*Asks:* 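Have a look at this one.
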Amino acid sequence: MTEQQLVSILNQMTIDEKIAQLLQLAAPFYEGAEGEGQITGPMAAMGISKEVVANTGSVLGLTGAQQVIQVQKAHMNNNRLGIPLLMMADIVHGYKTIFPVPLALGCSWDMQLAERTAEIAAAEAAAAGVHVTFAPMVDLVRDPRWGRVMESTGEDPFLNGEFARAFVRGFQGRDLTGDPSRVAACVKHFAAYGAAEGGRDYNTVDMSERQLREYYLPAYQAALDEGCEMVMTSFNTVDGIPATGNRRLMRDLLRDEWGFDGVLISDWGAVKELIPHGVAANEAEAARKAIQAGVDIEMMTPCYVRHLRDLVETGQVEEALIDEAVLRILKLKRKLGLFDNPYRGADPEREREIVMCAEHRQAAREAALKSIVLLKNEGVLPLQEDRNIALIGPFAQSGDILGPWSWLGEQEEAVRLYDGLRAISGANRVVAARGCGIETGTDAEWDEALRAARNADVIVLALGEHSEMSGEAGSRANIRLPQVQLELIAKLKPLNKPIVAVLFNGRPLDLHGVFDQADAVVEAWYPGTEGGAAIAELLYGKHNPSGRLTMSFPYAAGQIPVYYNHFNTGRPQGAPDAQERYVSQYLDIPNEPLLPFGYGLSYTSFEYSEPAISSGTMTPEQPVRIRVRVTNTGDVAGDEVVQLYVRDVAGETVRPVKELKDFRKISLQPGESKEVEFILSERQLRYHHTNLEWISDPGDFVAMVGPNSRDTAELTFTLTKQ
């Protein structure tokens, strides 16, 4: 179908039909959907008529090939112009085969792996009839109290951008139109949702435009540069205006400056939320501000369908704004091939064949293996298979390891840690005891755990947060493990048995009571469908840990936000001429996080040579080459993530103490060495100045190479522009 034909369809539409295209409703509104007619509570209050439903443009949360075909068929029969529906859903880290949460996938530092997980999620979702996924979430995160950090890939803008590109490639492929096994991606949440004050979901965001552009916008732009088809607005304010009604953010920056001409969708209910935000007096004003800001689709509130027609007729909104929004939606439907085949990839037979197939489960296991981070190991790991294990804790036999936003993932299909350990060591070597629940415990549970522990050679503690404790609306002020779990560790410690703590959680935790008590600490995150099997392989040394943190673990919640690429201040702690007291410091805790960005241990050891640089001078035309030789000095093969950081010693504005500019993930056999070379260019030294111009400063720079953001070796160079 040509664009001229799309315009012809647009010209045939009544104003009401156009406006209905801009509405997204949940599945129960549609004929043929499971739960059809079960429209209660807030959905019933929307007062949507059958005529409006017949002309809507998209559906939220409808899946299953047969059901999608039925709904689409009924819709096509009822829609006067035969305009198909778009089927959208939250496929965040897997459709039914669930991969580790995105924060865990970030710890893999593996873009090919990230792309593959998105490709598999897209294939399963597409076979089930989904056309668009609300992913990736690329919000920069620095506050682990915010539950949605589990959806991001961490605290670094460069790394987040690389993952954003990888996820978009995986979801959309090279030919979205011709490949029905792919889905359109929707990057979210635009913009700066991850900077909510106090880590409290939906809360205010307030920052300078320079900071917004420097740290928070790059990952969104990376996703769009990769061809991402859609953008979702964020719930928060940006410069005092909620994003969904923020014309400067959406029209001036996203549309005009960046040239984005795809579909912009609100988050759930966000258009109507302009009223409680305090920038709209009523639904009509909310509708006017959202459409003028450039929001094409209103998700699950009726402001557009109730008020846009009157706003047009009274001259408050130009019909051209509605026309351009409808045309963008029609173009996406054309790109997905829905006018030629409204059912696209929906195929019950293929759905049965590929969803949760062995190949996909194996990929989920690989993703979990590469995402797990070894945080501490005092000679306890890897476990010996002839040792008796007491597996104790609320996650010992729990299937709640999929994490938030796993939607169709089923805990019953997840490999539990107990089963994973027994599959390797044998049924007689592992005894499981709950010990306590997530937040409560009983004497009987403790007695059972004590008996198991006394007869064991090693105690493996499976601890963490239940999945409702993170994710959307999962903010926590106290990010330590629940007290009952800390008490469980303290009770077991006097037995003087080696203790391995395995953590299941969606955020960096304050690890007091765990890190100091356990002999080894393994950060498993929410590892997905194959989590128990992957953790067991790692604990028994079948796989060498290779995950590296992409978000700092705080020493205490009072430090938050704590992140590696911070500013130095005028009175930095530890400077050569620093006073003892009058410096920027806490009196009661360190400034530094417990575990820094980029950190992770291995079962082997790596030795770095002194880094070398090709020249002490860089010009815009001549980059510098930085080389370092890395040697595996241990007894087993392992992967290392070699990281390059840079500091601008004196800029026009204050610059971070270090910024990640590049990295290499390398594999080394015992005794093997590899030379890693980074090519650092002038473009990588640019930043936004006070006038928002993106340029570099001539002057001195420090390059740093090492295994994490803390343990680096330095060398210097000078940028000249002559």
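Quantities reported herein were computed from a predicted structural model and do not represent experimental measurements.
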*Asks:* Indicate yes or no for a side-chain donor-acceptor contact from Lys665 to the backbone of Val642 under 3.5 Å, with no hydrogens or angles considered.
*Replies:* no

*Asks:* Do Glu385 and Lys542 sit within salt-bridge range, that is, some charged N less than 4.0 Å from a carboxylate O?
*Replies:*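 Salt bridge: yes.
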
*Asks:* With no hydrogens and no angle check, is any side-chain donor or acceptor of Asp419 less than 3.5 Å from a backbone partner on Arg422?
*Replies:* no

*Asks:* Within the side chain of Asn544, is there an N or O that forms a donor-acceptor pair under 3.5 Å with the backbone of Tyr603?
*Replies:* yes

*Asks:* To the nearest 0.5 Å, tell me how far Cys186 SG sits from Met230 CE.
*Replies:*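 Going from the SG atom of Cys186 to the CE atom of Met230 covers 4.5 Å.
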
*Asks:* More than 12 heavy atoms of other residues, nucleotides or ligands under 6.0 Å from CG of Asp386: yes or no?
*Replies:*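 More than 12 heavy atoms, drawn from other residues, nucleotides or ligands, come within 6.0 Å of this atom.
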
*Asks:* Return the OH to CG distance between Tyr608 and Asp711, rounded to the nearest 0.5 Å.
*Replies:* 9.5 Å

*Asks:* Quick check for you: to the nearest 0.5 Å, what is the distance between Ile479 atom CD1 and Ser475 atom OG?
*Replies:*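 Spacing of CD1 (Ile479) from OG (Ser475) equals 11.5 Å.
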
*Asks:* Testing Tyr563, Phe158, Phe553, Trp109 one by one against Phe597 for a ring-ring contact (aromatic ring centres under 6.0 Å, His included), which residue passes?
*Replies:*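 Answer to the ring-ring contact (aromatic ring centres under 6.0 Å, His included) test with Phe597 among Tyr563, Phe158, Phe553, Trp109: Trp109.
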
*Asks:* Return the CZ to CG distance between Arg174 and Asp179, rounded to the nearest 0.5 Å.
*Replies:* 11.5 Å

*Asks:* Does Lys661 make a cation-pi contact with Tyr645, if we ask for NZ or CZ under 6.0 Å from the ring centre and within 45° of the axis?
*Replies:*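 So Lys661 doesn't make the cation-pi contact.
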
*Asks:* Tell me, please, whether Tyr215 has Arg142 positioned over its six-membered ring: NZ or CZ under 6.0 Å from the ring centre and within 45 degrees of its axis?
*Replies:*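 The answer is yes; both the distance and angle limits are met.
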
*Asks:* Using a distance-only test with no angle check, is there a side-chain donor-acceptor pair under 3.5 angstrom linking Ser152 and Asp139?
*Replies:*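 Short answer, no.
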
*Asks:* Can you establish whether the number of heavy atoms outside Gln483 located under 6.0 Å from its atom CD is more than 12?
*Replies:* yes

*Asks:* Have Tyr555 and Asp510 got a donor and an acceptor in their side chains that come within less than 3.5 Å?
*Replies:* no

*Asks:* Under a 4.0 Å threshold between the charged nitrogen and the carboxylate oxygen, would Arg548 count as salt-bridged to Glu523?
*Replies:*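 A salt bridge is absent here (no side-chain N lies under 4.0 Å from a carboxylate O).
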
*Asks:* So that I can tick it off, tell me whether Glu226 and Arg169 are bridged by a salt bridge, with the cut-off set at under 4.0 angstrom between side-chain N and carboxylate O.
*Replies:*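 Between Glu226 and Arg169 there is a salt bridge, with a charged N closer than 4.0 Å to a carboxylate O.
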
*Asks:* Could you tell me whether the side chain of Asp662 and the main chain of Leu644 form a donor-acceptor pair under 3.5 Å?
*Replies:* no

*Asks:* Give the C-alpha distance, both sets of side-chain angles, the deciding distance and a yes or no for side-chain hydrogen bond (donor to acceptor under 3.5 Å, both in side chains) between Ser552 and Glu155.
*Replies:* CA-CA 8 Å; Ser552 304; Glu155 68 188 45; 3.0 Å; yes

*Asks:* Is the NZ or CZ atom of Lys188 positioned over Trp405's six-membered ring, under 6.0 angstrom from the centre and within 45° of the axis?
*Replies:*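 Geometry flag: set, cation within 6.0 Å and 45°.
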
*Asks:* With no hydrogens and no angle check, is any side-chain donor or acceptor of Thr117 less than 3.5 Å from a backbone partner on Ala114?
*Replies:*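 A pair under 3.5 Å: yes.
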
*Asks:* How long is the span from the CG atom in Asn160 to the CZ atom in Phe167, to the nearest 0.5 Å?
*Replies:*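 These two atoms lie 10.0 Å from each other.
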
*Asks:* Do Thr604 side-chain atoms and Ala637 backbone N/O form a donor-acceptor pair below 3.5 Å?
*Replies:*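 Side chain of Thr604 to backbone of Ala637: no pair is present.
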
*Asks:* Can you check salt bridge (Lys or Arg N to Asp or Glu O under 4.0 Å) on Glu115 and Arg165, steps first, answer last?
*Replies:* CA-CA 8 Å; Glu115 182 175 341; Arg165 293 176 182 274; over 6 Å; no

*Asks:* Could you tell me whether a side-chain N or O of Ser108 sits under 3.5 Å from a main-chain N or O of Leu105, the two making a donor and an acceptor?
*Replies:*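 Yes, the answer is positive, given that a donor and an acceptor are paired below the 3.5 Å cut-off.
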
*Asks:* Using the rule given for side chain to side chain contact (heavy atoms under 4.5 Å, CB included), can you reason through Met356 versus Thr529, listing the C-alpha separation, both sets of side-chain angles and the distance that settles it, and then say yes or no?
*Replies:* CA-CA 9 Å; Met356 285 285 284; Thr529 302; 4.0 Å; yes

*Asks:* Distance-only, no hydrogens or angles: does the Asn505 side chain make a donor-acceptor pair with backbone N or O of Leu509 under 3.5 Å?
*Replies:*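 It does not hold such a pair.
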
*Asks:* Where does the angle between the aromatic ring planes of Phe395 and Phe504 fall among parallel (under 30°), tilted (30 to 60°) and perpendicular (over 60°)?
*Replies:* parallel

*Asks:* Would you please say whether a donor-acceptor pair under 3.5 Å links the side chains of Ser406 and Tyr526?
*Replies:*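 Short answer, no.
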
*Asks:* Looking at Arg148 and Glu151, does any basic side-chain N land under 4.0 Å from a carboxylate oxygen?
*Replies:* yes

*Asks:* Looking only at side-chain N and O atoms, does Thr633 offer a donor or acceptor that is under 3.5 Å from a partner on Ser605?
*Replies:* yes

*Asks:* Will you find, in the side chains of Glu672 and Thr631, an N or O donor that is under 3.5 Å from an N or O acceptor?
*Replies:*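 Side chains of Glu672 and Thr631: no pair found under 3.5 Å.
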
*Asks:* Verify the distance criterion only: is there a donor paired with an acceptor across the side chains of Glu124 and Thr97 at less than 3.5 Å?
*Replies:*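 Distance-only check passes for Glu124 and Thr97.
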
*Asks:* If only atom types and distance count, is the side chain of Glu530 paired as donor or acceptor with the main-chain N or O of Ala414 below 3.5 Å?
*Replies:* no

*Asks:* For the pair Gln172 (side chain) and Ala185 (backbone), establish whether a donor and an acceptor sit closer than 3.5 Å, ignoring hydrogens and angles.
*Replies:* yes

*Asks:* Run the numbers on Lys96 and Glu410 for salt bridge (Lys or Arg N to Asp or Glu O under 4.0 Å), then give the verdict.
*Replies:* CA-CA 7 Å; Lys96 199 164 175 66; Glu410 296 183 18; 2.6 Å; yes

*Asks:* To the nearest 0.5 Å, tell me how far Leu549 CG sits from Tyr599 OH.
*Replies:*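 Reported to 0.5 Å precision, the distance equals 8.5 Å.
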
